[in-house]
Amino acid sequence: MKAIQAIRGMKDIPPAETPVWRELEDAARAVLSGYGYRELRPPVVERTELFRRSVGEATDIVEKEMYTFDDRSGESLSLRPECTASCVRAAVEHGWLRGRGQRLWHIGPMFRYERPQKGRYRQFHQLDVEALGFPGPDVDAELILIGERLWRRLRLGALRLELNSLGSRAIQDAFRARLVEYLTRHASSLDEDSRRRLDTNPLRILDSKNPDMQDLLGAAPRIVDCLDDESREHFEGLQAMLEASGVAFSVNPRLVRGLDYYTRTVFEWVTDELGAQGAVCGGGRYDGLVADIGGPPTPATGFAVGLERVVALMQARQGAASDERPHAYLLAVGEEAQRTAHSLAEQLRDALPRVRLVVDAGPGNFKRKMKNADRSEAPLALILGEDEARENRITLKEMHGDGGQQSVERSQMVEILRGHIGSDD
RNA sequence: GUGGGCGUAGCUCAGCCGGUAGAGCUCCGGAUUGUGGUUCCGGCGGUCGUGGGUUCGAAUCCCAUCGCCCACCCCA
C-alpha cells in the first residue's frame, strides 16, 4: 500500500522548528499589544463573493489561485487567500466601526493554489495587522514602526523598506489610461507577459523583472507625478513622520501591488536573502474597501507578514532558539518503581511548576532506558530501580561529563532539581 | 499554466559509456543480564519513484507518468 503524503505546497512544521515559530508569534503578540492592537480570529473559510469583491475580480488570486468549492447547500465558499477581507467583514458585521477606529491583528494560515517554490507555499501563514477608521498618514507610519520594531525584536537586519503612493481610485484610473497609452506606443519592446497584462493589469507591468524592459519602464510615466493634492500631502506627511522617527526608506515609484483594493500608501519590507520571493511584508492603505463590501465609508490601512519567510530569515540568523530539552529523565525499573514513578514525578511537578521532566515507567530493561535518557538530552537522569524503591531513595546521574552519580533521599529531590533548573527559562 | 534540475537504505550520497546494488550516519544485538554517551564486534534494512520499451541481460539507454526542488508568473 502506498503511503499517503502531504498535499503539494502544504508542509508539516516539525517539532524542531516550532520553537522558532513560537518566538516569532510571541514577539508579534508583544509588539502589537504595545501599540494597542487586539487579536481577532476570523474563520478560515468565507463566501467566495467576499474575495471577489475585495481582492478584485481580475486579480490572479481570484482568477486562478483560490481553493473554491460548493458546500452541501450549493453555496460557493473559498479558503481565504488573505485575511484583510475577513477582518473588514467582521468589523462591519459586528458594527465595530460605528464612530471609532479599530486596531486589529490576526495570525493564521492562508491558501493559494500556486506552484510552490522557495518562500512560496499553498498553505502559508501570515500575521495580518489592520487599522480601520483612521484617515491620516500617522497610522500608516504607525504600521511601519510596528514592522520595524518587530524586526528589531527578532534581531533581523538587512530588511529594506520601499514606499510608494498609488493615489485615489480616480487617479489610478487616469494613470492607468496614461500608462497603457505609453506602453502601447512601445508595444514592440514589451515581452509576451507584459503585452497580455496590458489588458488585464497594466500597473503590474511596472514591476516586471525582465532586464530587457528596464529602460522602457524607467522612462514610463510615474504615478507619483500624477497624484492629486490630497494624496500628495498624505504621502509627504507619511515620509516626514518616518524621517522624524529615524526610519530609513526609499520611494520606489514602480512599487504597485497585486490586490485591487489599495489606494494611496503602499509599502513592502524586502530582503535579498530569500531568492525570488523577497517580500517579507507588504501592505498599504485601502480607503475604498470597507464601503465596497457593504460597510460605512471608512478609511483603512494594514499589512501582512509572510511568516514562512520571516522564519527562514530567523533560521539564517545568529543566535540559538529556545531550549526545549528536559531538565531530567526519570527512569523506573522494576514493578514497585514503575508503579510509583508517576506519583513521584507529580510531586516534583507540584513543587517545581516549570520543570521539564520525562517519565519512563514503561517496559524495557535498564540499558534501554538509560539509552533513552541519553537521547532525551536531559542533563540529569533520575534512576528509580528496585533498590531505590525498597530504600525510598533515588539515584541521580549526571549525563554529561564523567557520568558521576549519587544516591539521595527523596525529600532532597526538590532542592536538587531546583538547582538544575536554575534561571533556565 | 511554462521552463530547468533531481528521484538509489530512515538520512546524506556513490555506482550510470548495460553484466543484476555500495559507503557514511542512523537503527537493532553483543562485549557490559542495575548504567547511557565513547570504543570494538556483528546484524537488520532497497520492487534503484512508477509503468512501458530496447536488450540474452537495465539502477545504468529510450518513452511516458508521478513526486520533490528552483525559476518564470504571482505574492506574504
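Atoms considered below: every heavy atom in the structure, side chains included; atoms not considered: hydrogens, waters and symmetry mates. Convention: sequence-line order gives letters A, B, ...; per-chain numbering from 1.
- The salt bridge (Lys or Arg N to Asp or Glu O under 4.0 Å) test with A/R169 is passed by exactly one of A/D260, A/D287, A/D292: A/D292.
- Rounded to whole Å, the distance from CZ on A/R390 to C1' on B/rG34 is 12 Å.
- Residues A/L331 and A/F366 meet the side-chain proximity criterion, which asks for heavy atoms closer than 4.5 Å.
- In this structure, A/Q123 reaches neither bases nor backbone, as no heavy-atom distance under 4.0 Å exists between it and the strands shown.
- Side-chain atoms of A/R160 never come within 3.5 Å of backbone atoms of A/E268 as a donor-acceptor pair (strictly under, hydrogens ignored).
- A cation-pi contact, defined as under 6.0 Å to the ring centre and within 45° of the axis, is absent between A/R309 and A/F124.
- The interatomic distance linking A/M370 (CE) with B/rG34 (P) rounds to 13 Å, in whole Å.
- Checking B/rC72 for Watson-Crick or G-U wobble geometry (two distances, each under 3.5 Å) identifies B/rG1 as its partner.
- Just one of A/E114, A/E65, A/E308 meets the salt bridge (Lys or Arg N to Asp or Glu O under 4.0 Å) condition when paired with A/R120; it is A/E114.
- Going from the P atom of B/rU2 to that of B/rG46 covers 37 Å, rounded to whole Å.
- If you take CG of A/N372 and C1' of B/rC28, they are 13 Å apart, rounded to a whole angstrom.
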statement: Reading nucleotides 67-76 of chain B from 5' to 3' and marking B where a protein heavy atom lies under 4.0 Å of the base, S where only the sugar-phosphate is that close, and - otherwise, the string is SSSSBBBBBB

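- Taking atom P in both B/rU8 and B/rC69, the straight-line distance is 14 Å, to the nearest Å.
- Put simply, the side chain of A/D374 and the base of B/rG36 share a donor and an acceptor less than 3.5 Å apart.
- Between the side chain of A/K11 and the backbone N or O of A/A6 there is no donor-acceptor pair closer than 3.5 Å.
- Counting non-hydrogen atoms under 4.0 angstrom, A/K371 reaches the backbone sugars and phosphates but no base.
- Going from atom CG of A/D387 over to atom C1' of B/rU35 covers 13 Å, rounded to whole Å.
- Between the side chains of A/Y37 and A/E142, at least one donor-acceptor pair of N or O atoms lies under 3.5 Å.
- One distance of note links CD1 of A/I223 with CD of A/Q172; it measures 5.5 Å at 0.5 Å rounding.
- Contacts between residues 37-50 of chain A and RNA chain B, counted as heavy-atom distances below 4.0 Å, involve no residue at all.
- Atom CZ in A/F366 sits about 10 Å away from atom P in B/rG36, given to the nearest Å.
- Distances shorter than 4.0 Å separate none of the side-chain N or O atoms of A/K367 from OP1 or OP2 on B/rU35.
- The side-chain heavy atoms of A/L77 and A/Y67, taken from C-beta on, include no pair separated by under 4.5 Å.
- Taking the P atoms as reference points, B/rA64 lies 12 Å from B/rG3, given to the whole Å.
- Going from the P atom of B/rG43 to that of B/rG36 covers 23 Å, rounded to whole Å.
- Taking atom C1' in both B/rG24 and B/rU20, the straight-line distance is 24 Å, to the nearest Å.
- Put simply, CG on A/N365 is 13 Å from C1' on B/rG30, counting in whole angstrom units.
- Atom name P, nucleotides B/rG5 and B/rC11: the rounded distance is 24 Å, in whole Å.
- The aromatic rings of A/Y182 and A/H186 sit tilted relative to each other, their planes meeting at an angle between 30° and 60°.
- Pair assignment for B/rU50 gives B/rA64, based on Watson-Crick or G-U wobble hydrogen-bonding distances that are each under 3.5 Å.
- With both ends at atom C1', the span from B/rC17 to B/rC73 equals 40 Å, rounded to whole Å.
- At least one side-chain nitrogen or oxygen of A/R368 sits closer than 4.0 Å to the OP1 or OP2 atom of B/rC28.
- By the 4.5 Å heavy-atom criterion applied to side chains, A/R80 and A/F51 are counted as neighbours.
- Base-pair partner of B/rG42: B/rC28 (Watson-Crick or G-U wobble, both distances under 3.5 Å).
- In a base pair of the Watson-Crick type (N1 to N3 plus N6-O4 or O6-N4) or a G-U wobble (N1-O2 and O6-N3), with each distance short of 3.5 Å, B/rC16 is matched with no nucleotide.
- For the C1' atoms, the distance from B/rG22 to B/rA14 is 7 Å, rounded to whole Å.
- Base contact: A/I383 has a heavy atom under 4.0 Å from a base atom.
- The base of B/rG34 sits with one of its N or O atoms less than 3.5 Å from a complementary donor or acceptor on the side chain of A/E388.
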